[in-house]
Amino acid sequence: MNRIDNDLLSVQEARILVENAREAQKELAAFPQEKLDKVVGNMAEAAYKHARELAVMSHEETGFGKWQDKLVKNIFASDFLYKRIKDMKVVGIIGEDKENKTMDIGVPVGVIVALPPSTNPTSTTIYKALIAIKSGNAIVFSPHPKAKKTITKVLDILIQAAEESGLPSGAIGYLRTLAVDGTVALMNHKDTSLILITGVPKMVRAAYTSGKPTIYGGPGNGPAFIERSADIKKAVADIIVSRTFDNGIVSASEQSIVAEGCIADEVRQELRKNGAHFMSEQESVQLSKFFFRPDGSLNPEIVGKTALELARHSGICVPTDTLLLISEQKYVSSNNPYSREKLCPVLAFYVEKDWMNACEKCVELLINEGRGHTLVIHSKNENVIREFALKKPVSRVLVNTPASLGGIGATTNLFPALTLGSGTAGGGYTSDNVTPMNLINIRKVGYGVRQLEDITKGVDQLSIESTDDLKEVLEKLLELLK
Ligand SMILES: CC(=O)SCCNC(=O)CCNC(=O)[C@H](O)C(C)(C)COP(=O)(O)OP(=O)(O)OC[C@H]1O[C@@H](n2cnc3c(N)ncnc32)[C@H](O)[C@@H]1OP(=O)(O)O
């Protein structure tokens, strides 16, 4: 088939998929929460059963990360997520205030179009499918072309399990003929209500161009601040676990370490002792040549590779037990390759004289890239932690934990999510770890409890001749409204 035929077929297929999804969703909209939960439970169980096979397959197909860590993510996105959502009330009456006579009704948004990334193809697909069905929505996927085989496989498993437990056919679907035109047609279809997208900058732009509400996980890789009161051994261990998890692919993972001057040598020593190689200036330049493509986009050749593979690739000589490559840096700039997201086990290392300067450096790093995403602080000083949390342009401040695992809610009690909102600061509309609650509209029900006259009662007896009078009127009004 030539390219034009392929594009046409893909667009046609997209139209049919959304129409089928629309019909299936009409049926789904009548499902009570318990019936949706039964379907979601079966989907989670099926994904969990195939977690290992899917992890190996996704690693083999994309070459990104480690299959062992992809297995952890698959278990996280199926079993762990299911346990967290199984008792959530998302559709129907989800809240009632008997005293004030108001009620909240959860209403599915309708048809969701989802794009999973090549970096986390299985776990993100499982997660998106589970939260969509939990909230009574239909979902149509456009698989990433570099992970097509794996995403198709996991969707077949999920669809079979869901339909066996009563999900109407078409409520979960996917584009078989892959093309940008078909993906754009899915997004632009009049019956598509929401787009749920992870990664792929070009597709994020297409989603926004469609004019549809779009939830996406923006660029992350924020700083990790190690404050003087921190347990340095644990902080370093956390950073290593985090930055090497799936070879640094998770967007919440650390991109730089900012250490206070008085503990910087101890931190360096601990990092070296545990497999970090501090690169010379020349090695840093040598490695950085491979970070980006000529158009400035991230080079997939370095994404999700081990530190040893990166060193070999760029001709840097390192000990065979090297886990991390670190570059000492002073300045932050969009031209500095060490200030940008890389999704591999490379870190920049900054030293600042005190926590206030460190605070500024972290803000500078986040404003350069990763605004609205995630920051981690290692400290025992509750005042510093609170000051940090109050002042940073991020949606997640993680404390004393590996950022990649804490951000997604594995080592913290944040919601278990593989789409991490960056809020308006990151150009998105939610700052949440995306949950089924982000996939519904809330219909507000309010019973009449007062007459219009009740609001103005007593006000006409007052004449407003001074600001004091005005204040009195306003106070009276507030009193009446209580
Ligand atoms: C929770 C988390 O941690 S998820 C965070 C993961 N982070 C990211 O994904 C970061 C952003 N992603 C990227 O920069 C890139 O996707 C990389 C570097 C990871 C991989 O790059 P690549 O392997 O070159 O793949 P890329 O994603 O750019 O896609 C390749 C092509 O497929 C296209 N494509 C991607 N998805 C689709 C789709 N669903 N339908 C049609 N085309 C698609 C892209 O537009 C791109 O087209 P182009 O070659 O014409 O530019």
Side-chain angles (χ1 to χ4, degrees), residues 3 6-7 10-11 13-14 17 61-65 69-70 73 76-77 113-128 140-148 151-152 155 174-187 195-207 215-222 242-243 245-255 290-305 340-344 369-370 373-374 396 403-410 414-422 426 433-434:
R3 174 136 179 243
N6 188 74
D7 289 356
S10 183
V11 170
E13 216 181 283
L17 279 166
E61 188 179 9
T62 63
F64 291 146
D69 292 343
K70 294 198 180 292
K73 282 197 275 191
F76 173 78
V113 164
L115 278 77
S118 50
T119 45
N120 297 306
T122 48
S123 49
T124 309
T125 303
I126 299 166
Y127 155 77
K128 287 183 178 175
V140 181
F141 285 86
S142 171
H144 192 291
K146 292 194 176 169
K148 185 184 170 191
I151 295 174
T152 307
L155 282 169
Y174 63 86
L175 203 56
R176 286 173 164 78
T177 313
L178 279 187
V180 171
D181 285 10
T183 305
V184 170
L186 285 179
M187 294 175 176
I195 300 167
L196 198 51
I197 178 166
T198 316
V200 195
K202 193 170 161 187
M203 290 292 122
V204 173
R205 286 195 292 278
I215 296 181
Y216 96 106
N221 277 203
S242 179
R243 197 54 179 155
F245 182 73
D246 212 9
N247 293 337
I249 265 177
V250 178
S251 60
S253 177
E254 301 83 348
Q255 180 60 46
F290 297 90
F291 290 162
F292 304 104
R293 292 181 272 201
D295 67 357
S297 64
L298 189 56
N299 177 8
E301 303 267 302
I302 63 144
V303 171
K305 296 287 180 289
R340 293 191 48 200
E341 183 182 67
K342 283 177 285 298
L343 308 177
C344 59
E369 197 175 64
H373 210 291
T374 304
R396 278 155 290 276
S404 58
L405 299 164
I408 62 172
L414 301 182
F415 184 83
L418 290 160
T419 300
L420 307 176
S422 296
N433 278 19
V434 175

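This structure is a prediction, so every number in the text was calculated from the model and none was measured. Both counts, for ligands and for their atoms, begin at 1 and track the order of listing.
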Heavy-atom pair with the smallest gap, counting every atom of [X] and [Y]:
X: Ser142; Y: Leu178; value: OG-CD2, 4.2 Å
X: Ser251; Y: Leu420; value: OG-CD1, 4.3 Å
X: Ser422; Y: His373; value: OG-CD2, 3.6 Å

Any protein heavy atom nearer than 4.0 Å to [atom]:
atom: atom 15 (C) of ligand 1; result: no
atom: atom 2 (C) of ligand 1; result: yes
atom: atom 49 (O) of ligand 1; result: no
atom: atom 46 (C) of ligand 1; result: no

Notebook entry, point to check: For atom 41 (C) of ligand 1, which candidate among Thr183, Leu420, Val303 holds the nearest heavy atom?
Noted result: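 Selected option, by shortest heavy-atom distance: Thr183.
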Closer than 4.0 Å to some heavy atom of [X] - which atoms of ligand 1 meet that?
X: Pro143; answer: 38 (C), 39 (N)
X: Leu115; answer: 39 (N)
X: Leu418; answer: 1 (C)
X: Thr119; answer: 6 (C), 9 (O), 19 (C)
X: Thr198; answer: 4 (S)
X: Arg293; answer: 21 (O), 24 (O), 28 (O)
X: Val250; answer: 3 (O)

Any sub-3.5 Å donor-acceptor pair from [X]'s side-chain atoms to [Y]'s backbone N or O?
X: Ser297; Y: Arg293; answer: no
X: Lys148; Y: Arg176; answer: yes
X: Asp69; Y: Asp246; answer: yes
X: Glu13; Y: Gly182; answer: no
X: Glu254; Y: Ala403; answer: yes

Under 4.0 angstrom from ligand 1, any heavy atom of [X]?
X: Val180; answer: yes
X: Leu178; answer: no
X: Pro145; answer: yes
X: Thr419; answer: no

Note to self: Taking the six-membered ring of Phe292 as reference, does the cationic atom of Arg340 (NZ for Lys, CZ for Arg) lie under 6.0 Å from its centre and within 45° of its axis?
What the structure shows: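 Because its charged atom sits under 6.0 Å from the ring centre and within 45° of the axis, Arg340 does stack over Phe292.
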Item checked: Exercise: do Ser242 and Ser404 side chains pair donor with acceptor under 3.5 Å ->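 Side-chain D/A pair, Ser242 to Ser404: present.
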Report yes if some N/O of [X] lies less than 3.5 Å from some N/O of ligand 1; otherwise report no.
X: Lys146; answer: yes
X: Ser251; answer: yes
X: Ser142; answer: yes

Check: Do Cys344 and Asn247 have side-chain heavy atoms sitting under 4.5 Å apart?
Finding: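 When only atoms from C-beta onward are counted, Asn247 and Cys344 do not touch, as no gap falls below 4.5 Å.
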Checklist line | ligand 1 versus Asn299: contacting region, heavy-atom distance under 4.0 Å | finding: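 Neither part.
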